[in-house]
There are 2 protein chains.
Amino acid sequence: MTDIAARYQTVKQHILDRIGSGDWPPGARIPSENELVAELGISRMTVNRAVRELAQEGRVVRLGGVGSFVAEPQSAPETIAIPPIAQWIAGRGRAHRWRVVESARFEARPELARLYGLPAGTRLAFALILHAENDRPVQLEERHINLDAVPSYAETELPDDMLARALPGATTHTTVEAVPPNRRTAELLDMKAQESCLLITKRVENAGIVASIARLFHPGSRFRLEN
Amino acid sequence: MTDIAARYQTVKQHILDRIGSGDWPPGARIPSENELVAELGISRMTVNRAVRELAQEGRVVRLGGVGSFVAEPQSAPETIAIPPIAQWIAGRGRAHRWRVVESARFEARPELARLYGLPAGTRLAFALILHAENDRPVQLEERHINLDAVPSYAETELPDDMLARALPGATTHTTVEAVPPNRRTAELLDMKAQESCLLITKRVENAGIVASIARLFHPGSRFRLEN
DNA sequence: CAGTGGTCTAGACCACTCC
DNA sequence: GAGTGGTCTAGACCACTGA
């Protein structure tokens with residue numbers, strides 16, 4: 001809306017110039033907000049916004065109670081895709097088969113409810129689904145679905161597809177880690193002793209409510225994320 | 001720094017909730033800043049920050065002099081970030097310490113050369129680096145570097161930083177998998193028996209030539225990718 | 001014209017870290 | 001305790017839009 005540069009933009013550029021010129025090398029401490037206020041003669045909120053945006057852009061690291069520091073040069077954003085299992089199998093040119101190992105509906109007991117941040121007694125669906133490529137198991141999907149958030153859920157459909165259609169605006173929080181399998185998981189996934197599991201956890205939230213939590217177990221020897 | 005929700009975060013969530021619940025469908029106008037100020041009883045700067053960040057995140061579109069509108073649904077790329085270990089540790093507010101466990105230079109024997117797609121006899125540097133957050137090991141970096149592609153390499157610097165600076169245009173191919181650790185890895189990473197390793201492999205190529213291959217081992221109980 | 005977002009100010013309180 | 005960043009307030013002026 002404004003043609004002339006906003007003051008916080010000027011401050012950002014001022015800091016970037018100092019970094020680019022080598023005055024403030026990576027790792028160096030940059031002046032505190034109060035020092036910049038004094039030096040530049042502007043209000044602290046303006047300085048704060050400038051430095052905060054530089055932090056969001058990864059040019060600066062801020063540590064509360066300590067100071068702000070020039071970030072190390074960015075190595076590329078480096079992301080890796082986490083495709084739905086059907087897509088992962090299709091990408092390898094194999095056939096996707098799946099079967100429901102177990103399925104139930106019940107009301108959340110207090111411990112489970114607390115874990116999911118839902119009121120106790122919330123109606124949940126549970127499904128244990130085994131996915132295979134050419135009859136070799138590659139994923140065990142252990143899924144809880146909040147039926148209040150997704151009343152249309154039915155066991156005849158893959159939860160991933162169903163959620164994408166039922167909750168187009170949902171946000172997904174994902175984690176990836178390595179865990180040893182428990183006995184049943186190892187058995188269902190036809191894993192050797194000693195073999196590790198790649199575990200992907202997906203928490204789907206819609207309107208701030210947890211709609212689904214999935215734990216996806218994969219045999220370490222047959223599943224690998226790639227970009 | 002603060003564990004309890006900041007007020008602007010609450011406002012963001014409030015708006016996201018309304019969008020998620022369908023109260024405010026895509027394209028709909030959301031209340032003006034002044035309306036939100038009156039409705040929520042907070043200052044305009046706080047409302048402004050909330051809505052401005054939602055705009056940055058692509059959930060809302062703002063038009064000066066007109067109003068703010070719910071953005072059309074984003075096709076969610078479903079990716080997860082793989083930060084350099086220094087950044088991962090910094091993001092948790094811990095101190096990053098590292099030491100070179102082993103380091104060598106030699107010419108690639110045929111098997112290794114074939115594995116990397118390089119001519120036999122290529123000069124390579126090898127480094128085994130242990131990374132710790134607050135003295136607790138979280139990554140064992142096992143790295144080969146093609147000295148023909150990166151002649152400037154020296155052991156005094158982290159390979160990640162060095163590569164980012166020496167080969168700004170390089171492409172990285174990454175994989176993520178779960179493996180059981182071998183004895184030495186488990187020992188260096190201070191892992192319990194049975195514990196699994198999250199293994200990230202990075203192959204850096206510059207101008208079609210493999211410049212570096214890194215295998216990054218992480219203790220499953222202490223390292224997790226997240227978005 | 002009234003309403004919108006964009007920006008800025010000069011204070012303030014807090015939690016945290018380091019000494 | 002002094003210093004840091006994190007947040008919030010209650011005002012303000014501006015450029016822009018649309019009836």
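Just so it is clear: chains get the letters A, B, ... in the order the sequence lines come, proteins before strands, and each one is counted from 1.
- The salt bridge (charged side-chain N to carboxylate O under 4.0 Å, His left out) check on A/Arg114 picks up nothing, with sequence neighbours excluded.
- Less than 4.0 Å separates DNA chain D from at least one heavy atom of each of the following residues of residues 23-32 of chain A: A/Arg29, A/Ser32.
- Every residue meeting the side chain to side chain contact (heavy atoms under 4.5 Å, CB included) condition with A/Asp17, not counting sequence neighbours, appears here in chain and number order: A/Gln13.
- Legend: salt bridge (charged side-chain N to carboxylate O under 4.0 Å, His left out) pairs involving residues 30-46 of chain B, not counting sequence neighbours, sorted by first then second residue: B/Arg18-B/Glu39, B/Glu33-B/Arg44, B/Glu33-B/Arg62.
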Anything under 3.5 Å between a protein N or O and an N or O of nucleotides 11-13 of chain D, put it in a table, one pair a line.
from	atom 1	to	atom 2	distance (Å)
D/dA12	N6	B/Arg44	NH1	3.2

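- For B/Tyr8, taking side-chain heavy atoms from C-beta onward, the closest of the listed nucleotides D/dT7, D/dG5, C/dG6 is D/dT7.
- Picking from D/dT7, C/dT4, D/dA10 the nucleotide with the shortest atom distance to the side chain of A/Asn48 gives D/dT7.
- B/Leu40 is linked by a side chain to side chain contact (heavy atoms under 4.5 Å, CB included) to B/Val11, B/His14, B/Leu36, B/Ile42, counting only residues two or more places apart in sequence or in another chain.
- Every salt bridge (charged side-chain N to carboxylate O under 4.0 Å, His left out) that B/Glu177 has, sequence neighbours left out, goes to A/Arg224.
- Helical stems in DNA chain D, defined as runs of 3 or more consecutive Watson-Crick or G-U wobble pairs with donor-acceptor distances under 3.5 Å: C:1-18 with D:1-18.
- In terms of the salt bridge (charged side-chain N to carboxylate O under 4.0 Å, His left out) criterion, residue partners of B/Glu157 (sequence neighbours excluded) are, by chain and number, B/Arg165.
- Scored by the salt bridge (charged side-chain N to carboxylate O under 4.0 Å, His left out) test, A/Arg184 finds A/Glu102 as partners (sequence neighbours excluded).
- Distance from the side chain of B/Val66 is smallest for D/dT17 among the nucleotides D/dT7, D/dT17, C/dG6.
- By the 4.0 Å N-to-carboxylate-O rule, B/Arg143 lies close enough to B/Glu141 to be salt-bridged with it.
- Applying the side chain to side chain donor-acceptor pair (under 3.5 Å) rule to B/His144 yields no partners; only residues at least two apart in sequence or on another chain are considered.
- Every side chain to side chain donor-acceptor pair (under 3.5 Å) that A/Glu205 has, sequence neighbours left out, goes to A/Arg203.
- Of the residues near DNA chain C, B/Arg52 and B/Asn34, the one whose nearest nucleotide (by heavy atom distance) lies more toward the 5' end is B/Asn34.
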